[in-house]
Number of protein chains: 2
Amino acid sequence: MGQVRVHVGANLGAVTADDEVKWLDSDEMTAWLRLIAVAERLPGVLDTQLRRDSGLTHYEYQVLAMLSDAPNRTLRMTQLGRETNATLPRLSHVVKRLEGRGLVARTVAPDDKRANDATLTDAGWEVIVAAAPGHVQTVREHVLDPLNGRQVAALSEALGAILTKVDPKGDAPQDRRGAGTD
Amino acid sequence: MGQVRVHVGANLGAVTADDEVKWLDSDEMTAWLRLIAVAERLPGVLDTQLRRDSGLTHYEYQVLAMLSDAPNRTLRMTQLGRETNATLPRLSHVVKRLEGRGLVARTVAPDDKRANDATLTDAGWEVIVAAAPGHVQTVREHVLDPLNGRQVAALSEALGAILTKVDPKGDAPQDRRGAGTD
DNA sequence: CGAGTTTAGTTGTAACATCAACCAAGAACA
DNA sequence: TGTTCTTGGTTGATGTTACAACTAAACTCG
C-alpha cells in the first residue's frame with residue numbers, strides 16, 4: 001500500500017479503520033510542521049543567547065521582565081504564572097532559585113495570607129536591564145527581521161486565534177501600551 | 001520615570017544607556033508575546049493529550065511519525081534528529097527508551113559503521129497508527145479550526161520566513177506530498 | 001460557627017532535557 | 001602508512017520540569 005504520512009496523521013486514513021478522522025491536507029500540514037519546528041527550535045535559540053550573555057534562561061527572563069513591568073515591580077504568584085504561560089509548580093521552583101540569587105524577593109500578601117507576592121529586587125532590575133538589549137537583538141534577528149509589516153500583522157492575527165483555544169482564559173500577557181501615560 | 005516594559009525590551013531604552021537598541025513597537029510586541037505564548041503552551045496541550053490517550057510524549061510521537069513516513073520505516077539517527085528538530089543527545093536518549101519499549105530498533109548502518117539506523121518496529125507502527133487520530137483531532141481543535149484558509153496560508157508563510165533564521169540549514173521536515181504516487 | 005469546598009502555593013519525586021566528555025569510524029593528507 | 005581532523009553517535013552527571021500529594025487560608029452555606 002506504500003507510503004503513509006503520520007507527522008500528525010496525513011493520510012494514515014488508508015490504514016486506520018477510523019473514517020471519522022479528517023486528516024490534514026497539504027497546506028495544513030505545511031503550516032503545522034512549521035509551527036512545531038518554530039516552537040521546538042526557538043526556545044533553544046533564546047536560551048542559548050540569554051544564558052551565554054546574561055546567565056538567564058528565557059523563562060527566567062520572562063519572570064523578571066513581567067515583574068519589571070508590574071506596578072511596584074510586584075506580582076502575585078498566580079498572576080505571574082499566568083503571564084509567563086507556566087504552571088504554578090514550575091514558577092514556584094524558578095522563583096525559589098531566583099530568590100536564592102537575590103534577584104527576586106517573596107513576601108506573604110497582606111490581604112490574603114495564603115498568597116505570595118514576588119518582587120523584583122534592585123539586583124534583579126539591574127540584571128534584566130543589562131540583559132534586555134541583547135535579547136531584543138536576538139528576537140529581531142530571528143523572528144522580526146525576516147518578516148515584513150504585513151507578515152507581522154498576519155502572524156499576530158493567526159496566533160491570536162490559536163491562543164483563544166490554547167489559552168482560553170486569556171492569561172497570556174498583552175501589550176498594554178497606548179495608555180501612553182508614563 | 002514610570003512604567004518600563006521589558007517583556008522583550010519595549011521601551012527600556014529610557015533606562016539603558018544603549019541607544020543603539022531598536023525596541024519593539026506595539027504591533028511587534030503583540031506578535032512576539034503571542035508567539036511566545038503559543039510556543040510555551042502548545043507543547044503542554046499536545047503532551048497532555050498524547051500521554052493520556054497513547055502513553056507518548058509529543059516528541060516521541062514525532063520520532064515514530066517520521067520513521068513511519070520514511071522509506072523502509074528507517075532513518076539515520078542524524079537525519080531523524082534534524083527532522084524532529086532535536087539535538088542528537090536528546091534523540092539518542094529517547095530512542096533508547098523507545099527501543100526498550102520495543103517500538104524502535106537500532107542497527108549499525110551497513111555503509112558507515114559509526115552511523116546508526118533507527119527502524120520502526122511492527123509494535124511501534126501499531127502504536128502510532130492508534131495514536132494518530134486522537135492527535136490529529138487535537139491539532140485541528142487547537143490550531144487549525146480557529147483559522148480560516150487565508151490565515152493558515154499567512155501563518156505558514158510567516159513561519160516559513162522565521163524558519164530561515166531559526167533553522168538556517170532547512171533541517172525541519174516538509175510536507176512532500178503532491179508527488180501523489182503511493 | 002462548623003463542615004465542606006475552593007484557592008494559593010509549596011514540595012518531593014520521577015521523568016526528561018542539556019551539557020560536556022567521550023569513543024570509534026571515516027576522511028584528508030603528508 | 002600513520003597522524004590529525006571531522007563526523008556520528010553514546011553516555012553519565014547535572015539541572016529542570018511535570019505531576020501528584022500536601023498544607024494552609026479563605027470562602028460558602030446550612
Side-chain angles (χ1 to χ4, degrees), chain A residues 39-52 55-63 74-101 104-119 169 171, chain B residues 39-63 74-101 104-119 169 171:
Chain A
E40 293 269 1
R41 290 175 188 263
L42 191 53
V45 171
L46 302 175
D47 278 336
T48 299
Q49 181 271 322
L50 279 170
R51 255 209 133 133
R52 174 169 42 82
L56 295 171
T57 64
H58 181 232
Y59 184 70
E60 290 168 341
Y61 181 95
Q62 287 183 83
V63 169
T74 297
L75 239 29
R76 198 60 51 100
M77 286 294 278
T78 306
Q79 182 61 20
L80 187 52
R82 285 197 271 258
E83 296 198 1
T84 55
N85 306 294
T87 60
L88 221 27
R90 180 184 185 186
L91 176 65
S92 183
H93 283 131
V94 170
V95 166
K96 182 160 57 174
R97 289 193 294 259
L98 290 174
E99 192 176 32
R101 291 161 64 182
V104 167
R106 267 183 304 184
T107 52
V108 173
D111 58 315
D112 183 344
K113 284 179 193 158
R114 17 179 215 173
N116 256 319
D117 288 332
T119 305
K169 288 187 253 162
D171 289 334
Chain B
E40 293 270 1
R41 290 174 189 264
L42 192 53
V45 171
L46 302 175
D47 277 336
T48 299
Q49 181 271 322
L50 278 171
R51 222 108 218 198
R52 173 169 41 81
D53 297 344
S54 311
L56 294 171
T57 64
H58 181 231
Y59 184 69
E60 289 169 340
Y61 181 94
Q62 287 183 83
V63 168
T74 297
L75 240 29
R76 195 63 47 103
M77 287 295 277
T78 306
Q79 181 61 19
L80 187 51
R82 284 196 272 259
E83 295 198 2
T84 55
N85 306 293
T87 60
L88 222 26
R90 181 184 184 186
L91 176 66
S92 184
H93 282 131
V94 170
V95 166
K96 182 161 56 176
R97 289 193 294 257
L98 289 174
E99 191 176 33
R101 291 161 64 182
V104 167
R106 269 184 302 185
T107 52
V108 173
D111 57 315
D112 182 346
K113 283 179 194 160
R114 23 182 208 170
N116 256 320
D117 288 331
T119 304
K169 288 187 254 162
D171 289 334

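Note on naming: letters A, B, ... go to the chains in the order of the sequence lines (proteins, then strands), and numbering restarts at 1 for each one.
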Trainee: Could you tell me whether the phosphate oxygens of C:dT10, OP1 or OP2, come under 4.0 Å of any side-chain nitrogen or oxygen in A:Asn116?
Mentor: yes
Trainee: Without decimals, in angstroms, what is the distance between B:Arg52 CZ and D:dC19 P?
Mentor: 12 Å
Trainee: Are side-chain N/O atoms of A:Gln49 and A:Arg52 paired as donor and acceptor at under 3.5 Å?
Mentor: no
Trainee: Report which part of the nucleic acid A:Thr87 touches: base, sugar-phosphate, or nothing (heavy-atom distance under 4.0 Å, all strands).
Mentor: sugar-phosphate
Trainee: Looking at every strand, decide which applies to A:Asp47 at a 4.0 Å heavy-atom threshold: base, sugar-phosphate, or nothing.
Mentor: nothing
Trainee: Ignoring the backbone of B:Arg51, work out which of C:dC16, C:dA17, C:dT13 is nearest its side chain.
Mentor: C:dC16
Trainee: Looking at the side chain of A:Pro89, which of D:dC19, D:dT16, C:dA8 is the nearest nucleotide?
Mentor: D:dC19
Trainee: Nearest to the side chain of B:Arg106, which nucleotide is it out of D:dT10, C:dT18, C:dT11?
Mentor: D:dT10
Trainee: Would you classify B:Thr57 as touching base, sugar-phosphate or nothing, given that sugar-phosphate means primed atoms plus P, OP1 and OP2, and contacts are heavy atoms under 4.0 Å?
Mentor: sugar-phosphate
Trainee: When you measure from the side chain of B:Asp47 to the backbone of B:His58, do you find a donor-acceptor pair of N or O atoms at a distance under 3.5 Å?
Mentor: yes
Trainee: Considering non-hydrogen atoms only, spot the tightest contact between A:Leu91 and A:Gly81 and give its length.
Mentor: CD2-N, 3.4 Å
Trainee: A:Asn85 has an atom CG; how far is it from atom P of D:dA18, in whole Å?
Mentor: 12 Å
Trainee: Given D:dG15, is OP1 or OP2 found less than 4.0 Å from the side-chain N or O atoms of A:Arg97?
Mentor: no
Trainee: Please pick, from D:dG8, C:dT10, C:dT11, the nucleotide with the shortest atom-to-atom distance to any side-chain atom of B:Ala115.
Mentor: D:dG8
Trainee: Figure out the OH/C1' separation between A:Tyr61 and D:dT16, and round it to whole Å.
Mentor: 21 Å
Trainee: Please give, in whole Å, the distance from D:dG12 C1' to B:Leu88 CG?
Mentor: 16 Å
Trainee: Has B:Thr48 got a side-chain atom pairing as donor or acceptor with B:Gly44's backbone, closer than 3.5 angstrom?
Mentor: yes
Trainee: Do B:Arg41 and A:Asn85 have side-chain N/O donor and acceptor atoms under 3.5 Å apart?
Mentor: yes
Trainee: From the set D:dT17, C:dA17, D:dT10, return the single nucleotide nearest to any side-chain atom of B:Met77.
Mentor: D:dT10
Trainee: CG of B:Asp111 versus P of C:dA27: gap in Å, rounded?
Mentor: 10 Å
Trainee: Could you check whether any side-chain N or O of A:Glu60 sits under 3.5 Å from a backbone N or O of A:Thr57, counting only pairs where one atom can act as donor and the other as acceptor?
Mentor: yes
Trainee: If each of A:Glu60 and B:Thr48 is mapped to the nucleotide of DNA chain D with the nearest heavy atom, which maps nearer the 5' terminus, i.e. the 5' end?
Mentor: A:Glu60
Trainee: Can you tell me how far C1' of D:dT17 sits from CZ of A:Arg90, to the nearest Å?
Mentor: 7 Å
Trainee: Please check the phosphate of C:dT11 (OP1 and OP2 only) for any side-chain N or O of A:Lys96 closer than 4.0 Å.
Mentor: yes
Trainee: Rounding to an integer number of Å, can you tell me how far A:Leu75 CG sits from C:dA8 P?
Mentor: 14 Å
Trainee: When the distance from CG of A:Leu56 to C1' of D:dT16 is rounded to whole Å, what number comes out?
Mentor: 15 Å
Trainee: Of the candidate nucleotides C:dG12, D:dA26, D:dG8, which contains the atom at the shortest distance from the side chain of A:Arg114?
Mentor: D:dA26
